[in-house]
Amino acid sequence: MCGRYSLGTELDPVLARFGVEPPAFPWQPRWNIAPGQEVPVVKAADRRVLVAMGWGLTLPWAKPGFHPINLRSETLLAKPAFRELGFNRRCLLPADGFYEWDTDKQPWRFTLPDGELFGLAGVWTQREGRYSCAVLTRPSVGAVAAVHERMPLIVPQQVEEEWLAGTEVEQLLDILRGPAWVPVLERRRVSRRINSARAEGPECALPWEEAMPQDARPPR
DNA sequence: CCAGACGTTGTT
DNA sequence: GTCTGG
DNA sequence: CCAGACGTTGTT
DNA sequence: GTCTGG
């Protein structure tokens, strides 16, 4: 799945890459974005806008404590509770990396080859004036598959506009998971300091080997 | 009809 | 809200 | 996702 | 074990 990601860049590259105006909220490069936190999200309005959303959906009918951070892209449109979000409330979560833990609880970081920015597919809600969002997931492919069964759904730049504003959502979801768009991701094992959601800074992306010796004795 | 669930992952 | 199960 | 807490009363 | 917080 996708329970931690990064956006360790200044604001300007994000504005340029996603074609949005500067947001109303303050900007901080982030290397350890965790569920429950406020995250920058691109959604379509009159134009694209960059707004702050809580990661974890707040739904009008849900009991407190029910805040899905991921939704399966394969079943999204079939689920009564979520299909409306898939059709009408899609968004992108700008990222420059995401983290997955392997079966031995070791964290790995995934990026595009040149550290390029990319968008994670998401859906959003608004409740009492506050936005919230969830990241769509898919079965892992490529470099991720050896680490974890599931990974976030990445929206290639070529289809971002259709993702945000298009109407053929069902087809688009299939295409995004199809062989034409298998993302080329680089992988590296990173320091276990990422485990704590309080950790922050570029050190969160440090290769495991360089984080020795504190990482020399992993748990289990 | 009303009541109850509605998510993911991984682990058992 | 909307669907399923009883 | 992982880490960390998981209780109460009364007093400061 | 299970829930909350980040």
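Just so we're on the same page: letters track the sequence lines, and every chain starts at 1.
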Practice item. Check A:P40 against A:F25 and note the closest heavy-atom contact, atom names and distance. Key: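 Minimum heavy-atom separation between A:P40 and A:F25: CB-CZ, 3.8 Å.
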Review point. Do A:D102 and A:K105 meet the salt-bridge criterion of a basic N to acidic O distance under 4.0 Å?
Key: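 Salt bridge flag = no for A:D102 with A:K105.
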Exercise for review: State whether A:T103 places a side-chain N or O below 4.0 Å from either non-bridging phosphate oxygen (OP1 or OP2) of B:dG10.
Suggested key: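 So the side chain of A:T103 is outside the cut-off, no N or O lying under 4.0 Å from OP1 or OP2 of B:dG10.
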Check your understanding: OP1 or OP2 of D:dA3 less than 4.0 angstrom from a side-chain nitrogen or oxygen of A:N195, does that happen here?
Key ->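 Looking at the OP1 and OP2 atoms of D:dA3, one of them is under 4.0 Å from a side-chain N or O of A:N195.
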In whole Å, I'd like the distance from the [atom1] atom of [X] to the [atom2] atom of [N].
{"X": "A:F98", "N": "D:dC1", "atom1": "CZ", "atom2": "P", "value": "14 Å"}
{"X": "A:F110", "N": "D:dC1", "atom1": "CZ", "atom2": "C1'", "value": "13 Å"}
{"X": "A:M151", "N": "B:dT9", "atom1": "CE", "atom2": "C1'", "value": "16 Å"}
{"X": "A:L120", "N": "B:dT8", "atom1": "CG", "atom2": "C1'", "value": "16 Å"}
{"X": "A:E200", "N": "D:dC2", "atom1": "CD", "atom2": "C1'", "value": "15 Å"}
{"X": "A:N32", "N": "D:dA3", "atom1": "CG", "atom2": "C1'", "value": "12 Å"}
{"X": "A:K63", "N": "B:dA3", "atom1": "NZ", "atom2": "P", "value": "14 Å"}
{"X": "A:E84", "N": "B:dC6", "atom1": "CD", "atom2": "C1'", "value": "15 Å"}

Can you check the distance between [N] and [M], where both ends of the measurement are the [atom1] atom (answer in whole Å)?
{"N": "D:dG10", "M": "E:dT2", "atom1": "P", "value": "32 Å"}
{"N": "B:dT8", "M": "D:dA5", "atom1": "P", "value": "30 Å"}
{"N": "B:dT9", "M": "C:dG1", "atom1": "C1'", "value": "26 Å"}
{"N": "B:dA3", "M": "E:dG5", "atom1": "P", "value": "31 Å"}
{"N": "B:dC6", "M": "D:dG4", "atom1": "C1'", "value": "28 Å"}
{"N": "D:dC1", "M": "B:dT12", "atom1": "P", "value": "14 Å"}

Review point. Once Watson-Crick and G-U wobble pairs under 3.5 Å are found, how is DNA chain D written in dot-bracket notation, 5' to 3', with | for any base paired to another strand?
Key: ||||||......
Check your understanding: Could you give all pairs that pass the salt bridge (charged side-chain N to carboxylate O under 4.0 Å, His left out) test and reach residues 150-162 of chain A, with sequence neighbours left out?
Key ->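 Every salt bridge (charged side-chain N to carboxylate O under 4.0 Å, His left out) pair that includes a residue of residues 150-162 of chain A, provided the two are not neighbours, is A:R17-A:E160, A:R48-A:E160, A:R48-A:E161, A:E74-A:R150.
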Selected nucleotide, minimal atom distance to [X] side chain, candidates [options]:
{"X": "A:F66", "options": "B:dG7, B:dT9, D:dC2", "value": "B:dG7"}
{"X": "A:T137", "options": "B:dT8, B:dC6, D:dC2", "value": "B:dT8"}
{"X": "A:H148", "options": "D:dC1, B:dG10, B:dG7", "value": "B:dG10"}
{"X": "A:R150", "options": "B:dT9, B:dG10, D:dC2", "value": "B:dT9"}

Practice item. Under 4.0 Å from any heavy atom of chain A: name the first and the last nucleotide of DNA chain C that qualifies, 5' to 3'. Key: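 With heavy atoms of chain A under 4.0 Å away, the range is C:dG1 to C:dC3.
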Which is true for [X] with a 4.0 Å heavy-atom rule: it touches a base, it touches only sugar-phosphate, or it touches nothing?
{"X": "A:W61", "result": "base"}
{"X": "A:P60", "result": "nothing"}
{"X": "A:R198", "result": "sugar-phosphate"}
{"X": "A:R83", "result": "nothing"}

Check your understanding: Can you check whether A:T111 reaches A:L185 side chain to side chain, under 4.5 Å on heavy atoms?
Key ->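 They are not in side-chain contact.
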Check your understanding: Looking at side-chain heavy atoms only, is the closest gap between A:V41 and A:L50 below 4.5 Å?
Key ->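 Side-chain contact under 4.5 Å: no.
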Practice item. With rounding to the nearest 0.5 Å, note down the distance linking OG1 in A:T9 to CD in A:Q28. Key: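 A:T9 OG1 to A:Q28 CD: 12.0 Å, rounded to 0.5 Å.
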Practice item. State the CH2-CG distance between A:W27 and A:D12, to the nearest 0.5 angstrom. Key: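 Interatomic distance, A:W27 CH2 to A:D12 CG, rounded to 0.5 Å: 10.0 Å.
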Review point. Is it true that a side-chain atom of A:R89 and a backbone atom of A:V123 form a donor plus acceptor pair closer than 3.5 Å?
Key: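 Not a single qualifying donor-acceptor pair exists.
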Check your understanding: Between the side chain of A:S132 and the main-chain N/O of A:M53, is any donor-acceptor distance below 3.5 Å?
Key ->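 A pair under 3.5 Å: no.
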Review point. Is the CG atom of A:D114 crowded by more than 12 outside heavy atoms at less than 6.0 Å?
Key: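 Atom CG in A:D114 is crowded, with more than 12 foreign heavy atoms closer than 6.0 Å.
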**Study point:** Of A:Y5, A:W101, A:F98, the residue whose pairing with A:F110 passes ring-ring contact (aromatic ring centres under 6.0 Å, His included)
**Key:**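 Only one option passes, and that is A:F98.
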